[in-house]
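As structure tokens, the structure follows; a few thoughts come after it.
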Amino acid sequence: MRATQLHLVTYRNDPADAEVLSHRLMARAGYIHKLSAGLYVYGPLLWRTLKKVQDIVREELDGIGGLEVQLPILQDQALWEKSGRWDLYQASRTMLSTQDRKGTTYGLAPTAEEVVTDYAGATIKSYKQLPVSLYQIHTKFRDEIRPRFGLMRVKEFLMKDGYSFDADEAGLDARYEAFRGAYVRIFQRCGLEAFGVDADPGDIGGSGSMEFMVAADAGEDAILIEESSGYAANVEKAESRIAPSPSEGDAARPMRREHTPDIRTVEQLEGFFPEISADRMVKTVLCKAVHIDSEQPWAVLIRGDQEVNEVKLRNHTGGLGIKMLTDTEIESLTGAKPGFAGPVGLPEAFEIVADHSVRGMVNLLCGANTTDEHCLDVNLGRDCPMPTFADVRTARAGEPGPRNGDPLIERRGIEVGHIFKLGTKYSAAMGATFTDPNGKPQPLVMGCYGIGVSRVAAAAVEQQSDDLGIRWPVPIAPFEVVVACLSVKDEELVAAAEGLYAQFREAGIDVLYDDRKMGAGAKMKDLELMGFPFLVYVGRSWKQDGQAEVRDRPAGEKTLIAKDEVFETIARSVRSQRRGLLPE
RNA sequence: CGGGGCGUAGCGCAGUCUGGUAGCGCAUCUGCUUUGGGAGCAGAGGGUCGUAGGUUCGAAUCCUGCCGCCCCGACCA
């Protein structure tokens, strides 16, 4: 390919709305063009990268028996009502909906469990047909509350979604494991440092779930890792052990009340009662679980030095989401101003859950549900009913890990893939059954497996760019090599560059020939910004010393190579890097 | 949706407070000179100043509504 035919467009200024590196670089290098919030044109260079990512995905999924299909992106309401997710997705407003001329309401596919389950239910009749794994690479639409960070969080994006169908749990486990392995290989082959972590299944549902994260400081997700055991989990889900409250084992004292004027927070209480540390206090977080057509107030008891994890709490309550109570709601429900809630004498309107960190605490300090009063020496089960316990606490870096007790390390990552064991959640709801060997109908046992293809590209830039610009890993670079003639008026150099270009092309290397008429400096800056891994400059040194200047982005080097060795040297480097990070 | 900010040439911005000829850099086009780290000179094109209304002799500038965009918080690949 010749650069003059490739519609290359680059900018010297960052767009004003670009916050993160990948957005800035991809916009400047002309990979993306914003149409409106969360909607981007993918330029020719980006599309080449996306095609390479797709090819890797296809090869790996085909390798584990995946079958590529294409599903409609308009999906009618009735179908989504069968799974019960229509209301859920309308309530969160994630799914954009519209009507056709007859008045039928459709949603624009944010995911495709319903469609694929309907298809599988209609076409899979016997256990003899199982297992089946289907996948597609298609545009998804999610009406994001706040699109941002360029391609990282958009409304319309390219996603690979896959679905497996098995006769039983054992089959699902095998399929899940096969997909997990394929995912590891996919990201390795893309040349990205990625890792799988335990995750919360969220709205998709199901029993088991793992996220694949590309390590990057700008990642939106925090991951806690216990290196010695290989434990890694999203903070939304991560567990840790913490030292028990020092109050454990003390002899129980009678409960008493103290006047605590305007002392509302744990910090203020520590100042007011210097002898009582935060881990001897219980704070009571008042919130409500939001359901489709109702709201339930909850009181969450947690040790004073710990924080509530809203995702864990939401899962415990079974709600769609958690909202903090407003000051006025707190006053009307508890009769006390905010900052004085506690388990003793809490109105019955509240459901109560206590975090495990509260278990075993003795003589604890908590709010009295009366303005300006706290209770001391409270003992759960004596001064108030014993609450149910659950893990609703946010684990933090430095705390002992859940397996070996070694300190948790925090890393940040970009979620590029997510796999779920769905089980029979959708098939049972939608009547997608097959006949088992005994002649009985059974619901298909399903798994579902996503990869954000366009996000993979953004994550690659986020992880691997350097101060010159983007730095694509060879397997997903728009071109592997660029041969650039720095002096297009010099016929001898042009001929030399063209010769090299032909040599690479004939060797099956994905090479771009930069024949643009522009200054040498500008051309080099431009190519480096666009992020091609290997740049071969044919210019002055070629003429003077018979050498090409080679910019090796993966190695971060600039070297001079004799002209008759250039091709072999570069070709060898390219071939050795086509495997990405896949081990030999 | 709550809180903050911004809409002026393709991109980045000044001008708005204090109303009076719409500007700068980059990009684009033409010509000449350059040609190894985003070249120089000369010239040119490109704007309903987001939009609708109002105030005024006169509005990019003041007022109001609407639209769009961005940032901070709750969703997800």
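Computed from a predicted model, the values in this text were never measured in an experiment.
Base contact: A:Asp221 has a heavy atom under 4.0 Å from a base atom. A:Glu19 comes within 4.0 angstrom of the backbone, heavy atoms only, and of no base. Base engagement by A:Gly539 is indicated by at least one non-hydrogen atom pair under 4.0 Å involving a base atom.
The side chain of A:Arg153 contributes no N or O atom lying less than 4.0 Å from OP1 or OP2 of B:C76. Checking the phosphate oxygens (OP1, OP2) of B:C72, a side-chain nitrogen or oxygen of A:Arg148 falls inside 4.0 Å. Contact check, A:Lys558 against B:G37: no side-chain N or O comes under 4.0 Å of OP1 or OP2. Side-chain N/O atoms of A:Arg146 include one lying less than 4.0 angstrom from OP1 or OP2 on B:C72.
A salt bridge links A:Glu113 with A:Arg85: the closest approach of a Lys/Arg side-chain nitrogen to an acidic carboxylate oxygen falls below 4.0 angstrom.
A donor-acceptor contact closer than 3.5 angstrom links the side chains of A:Gln75 and A:Trp80. A:Glu462 and A:Ser22 are linked by a side-chain donor-acceptor pair at a separation below 3.5 angstrom, with hydrogens and angles left out of the test. A donor-acceptor contact closer than 3.5 angstrom links the side chains of A:Ser83 and A:Glu114.
Once the 5.5 Å centre distance and the 30° plane angle are applied, the aromatic ring of A:Tyr11 is found not to be stacked with the base of B:A27.
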